[in-house]
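Okay, so here's the structure we're looking at.
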Amino acid sequence: MSLSSLYLAWVEDLPPRLNGVKRTRGIALTMPDGVTLKTDHYAPDSIGPHPTILMRLPYGRRGFAPIAEAYAERGFHVVIQACRGTERSGGEFDPFTNERADGLATLDWIKAQSWFDGRIGLTGPSYLGYAQWAISDALPPVAAMATKVTTANFRPVVFPSGAFHLNLWLSWVQVIEGLRDRPLATAARMFSGDIERRTDRAAAILPLVEADKVAVGHKVPFWRYWFEHAIGNDAFWAALDHRNRLSETTPPVHFISGWYDFMLDPLLADYRRLVELGHQPYLTVGTWFHIAEELQRDNLRETLIWMRAKLLGDETGLRRRPVRIHISGLDEWHEFDRYPPGPPDPVTWHIGPGSTLAQARTGTGSDIYRYDPADPTPNLGGAIFAFTGAGAVDNAPLEARNDVLVYTGPVLTSPVTIIGQCRMALHARSSLGHTDFFVRLNDVGPDGRSINICDGLIRVTPETPQEPDGSWRLSFPLHATAHSFRPGHRLRLLITSGAHPRYARNLGTDEPVGTAMAMAVNDVEIFHEGTGVTLPGYAI
């Protein structure tokens, strides 16, 4: 037992250790095209048979070694592999492109090993989860998956509503490039705020295709390739979309995510697809962001329980009801048979004069603001890829800006609990045909702090259908949440035209996002009539 696995078992409150571990590191596993991928094997030091857990990752094997040991100490063979072009594996890293072919070859190697007993589990968060979906249709009959903060389809993650998820990819490029060349220094930068600061500097660069040099100090081949080939190219994404692998024969899946994870909605789409196919997947969602410490703690323990139930037949510790979600505001966990837990009782809140938000319609009137991409509306907290500043934060600095409209409801006398996706109806007009609208729902406490609960973005272009007066009537969802607005609190709705650098700023022109240089100021009008947010209400 290593000190790191001992500490992990204590912190995560894991089931008891069953055996020692034999480690074989640095196996050069040869792919069909001759490229070798560095692979580690952690074997239980006890008489088998034992099922296997596979993790394929681009972040370096060393950081996942304590997790591998924790699984192996509890009766599992564990295989960790550095993806092509990462750490010491050969080839060039081309995100998402090689995970099916390399994953299938790795599965064939595992199946040929004398210690493989026919049972296998796939696990891991984020990119590791995508690598699971890439081979999910090729697993043996006894298999299980634990997919965390991930999805089978990354297109809506990279280009949400047609915008470019700039913060995610500038930050991720730094992590990928740094862990390959300077793992210890990069780990330190993750939690010092340096990655966020460098992301902010790089995001200010035009054209954006050159931002990689500011972020990491050199050109990044896949960054530039994506600007040239991935934007608006259906064929590019079709080859990387693994939603077709979700089928009647998909192994049992436990989905784990957070209400402030930027991949939550695509993950929930994967969950709903399996339910439609007749599966009963498990779903655990906490009030977490992508790399929250509590998320890491829960997913290791939950994965062990899941793998023991599905691969070993030991359902000790497996909860009876498949859906477990945390409801913020109440600060309570609730369990259900499905998600969402039945039809909601929808209530619509409408904007009105005097920056009001009310259930009664207020008729005519409008409010205006000016969006200047040279001074873009900043992002604050929320569902972002960040090691600092993600999740729920006080939105006071954002609400003080002239380019943000703020509408506040009355003090609540009874709780308003929502589960699922709020839906925004927006009646708007702008001086430019290229416009983004970013909407956020906040909870204002008795102390005046305005905390973000959920938000959503929509992009309009000259092709977006318009009313005879040139306005748009738009309808779009905010990201899923579970929250209770308590008595004494107020609802608040924010409307603006950007959240930079979370999303690449809309420059107001029709230039390609990677090479655009010109910027245009946009005057935006929001009409009271036809603008409001519908909440999926539940009695809890």
Side-chain angles (χ1 to χ4, degrees), residues 23-43 51-62 64 68 76-124 126-145 147 150-155 176-177 179-180 220-223 225-226 229-230 233 235-247 249-251:
R23 305 164 187 83
T24 306
R25 296 190 175 100
I27 302 168
L29 204 161
T30 303
M31 299 293 102
D33 63 355
V35 170
T36 59
L37 306 185
K38 291 296 184 179
T39 306
D40 298 339
H41 175 214
Y42 295 77
T52 298
I53 290 178
L54 170 63
M55 293 184 285
R56 302 190 62 253
L57 61 149
Y59 304 117
R61 293 161 294 153
R62 181 179 301 180
F64 282 74
F76 296 89
H77 288 280
V78 182
V79 176
I80 298 183
Q81 185 177 84
C83 292
R84 179 180 296 243
T86 69
E87 200 186 19
R88 297 181 180 179
S89 288
E92 182 176 312
F93 182 57
D94 185 2
F96 312 123
T97 302
N98 298 296
E99 305 320 333
R100 177 158 177 84
D102 289 349
L104 292 176
T106 303
L107 271 181
D108 288 341
W109 177 81
I110 290 172
K111 292 174 182 177
Q113 302 309 300
S114 60
W115 42 262
F116 181 64
D117 72 348
R119 298 174 294 176
I120 192 165
L122 307 181
T123 186
S126 198
Y127 195 98
L128 285 74
Y130 176 85
Q132 293 182 54
W133 285 121
I135 59 173
S136 59
D137 59 340
L139 301 177
V142 182
M145 299 170 60
T147 66
T150 194
T151 177
N153 175 31
F154 261 66
R155 187 174 192 173
I176 289 293
E177 294 293 303
L179 288 177
R180 177 165 53 192
V220 178
F222 74 78
W223 170 269
Y225 183 84
W226 276 34
H229 297 282
N233 183 354
F236 177 91
W237 292 102
L240 307 180
D241 185 354
H242 296 298
R243 286 176 297 174
N244 63 305
R245 309 196 191 287
L246 281 69
S247 70
T249 60
T250 296

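Numbering starts at 1 and runs along the sequence shown. Being a predicted model, the structure only gives us computed values, none of them experimental.
Side-chain polar atoms of T106 and Q81 form a donor-acceptor pair below 3.5 angstrom.
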Given the rule in the side chain to side chain contact (heavy atoms under 4.5 Å, CB included) test, do R56 and L54 qualify, once you have shown the distances and angles that lead to the verdict?
CA-CA 7 Å; R56 302 190 62 253; L54 170 63; 3.9 Å; yes

Could you give me the CA-CA distance, side-chain angles and deciding distance for W109 and I27, then say whether side chain to side chain contact (heavy atoms under 4.5 Å, CB included) is met?
CA-CA 12 Å; W109 177 81; I27 302 168; 4.2 Å; yes

Can H242 and S136 be said to form a side chain to side chain contact (heavy atoms under 4.5 Å, CB included), step by step?
CA-CA 9 Å; H242 296 298; S136 59; over 6 Å; no

Verdict with supporting geometry, I120 and F76, side chain to side chain contact (heavy atoms under 4.5 Å, CB included):
CA-CA 9 Å; I120 192 165; F76 296 89; over 6 Å; no

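For the atom pair OG1 of T52 and CD1 of I110, the computed distance is 6.5 Å after rounding to the nearest 0.5 Å.
Between F154 and W133, the distance from one ring center to the other does not fall under 6.0 angstrom.
Applying the side-chain hydrogen bond (donor to acceptor under 3.5 Å, both in side chains) rule to T151 yields the partners D270; only residues at least two apart in sequence or on another chain are considered. With sequence neighbours excluded, no residue forms a ring pair (Phe, Tyr, Trp, His ring centres under 6.0 Å) with F64.
In this structure, the side chains of F116 and V79 stay at 4.5 Å or more apart for every pair of heavy atoms. Between Y42 and T24, the closest side-chain pair of non-hydrogen atoms is not below 4.5 Å. Annotation: side chain of F222 is not in contact with side chain of F96 (no heavy-atom distance under 4.5 Å). In this structure, I80 and L57 have side chains that are in contact, with non-hydrogen atoms separated by less than 4.5 Å. Put simply, the side chain of D241 does not reach to within 4.5 Å of the side chain of R155, judged on heavy atoms.
When the shell of 6.0 Å around CD of E92 is examined, it contains 12 or fewer heavy atoms from other residues, nucleotides or ligands.
Between the side chain of T123 and the backbone N or O of G121, no donor-acceptor pair lies under 3.5 Å. Checked by atom type and distance alone, the side chain of R243 never pairs as donor or acceptor with a backbone atom of A152 at under 3.5 Å.
Checked against R84 for a side chain to side chain donor-acceptor pair (under 3.5 Å), the options D33, T36, D94 give a single hit: D33.
Salt-bridge formation is not detected for the pair K38/E87: no Lys NZ or Arg NE/NH1/NH2 atom is positioned less than 4.0 Å from an Asp or Glu carboxylate oxygen.
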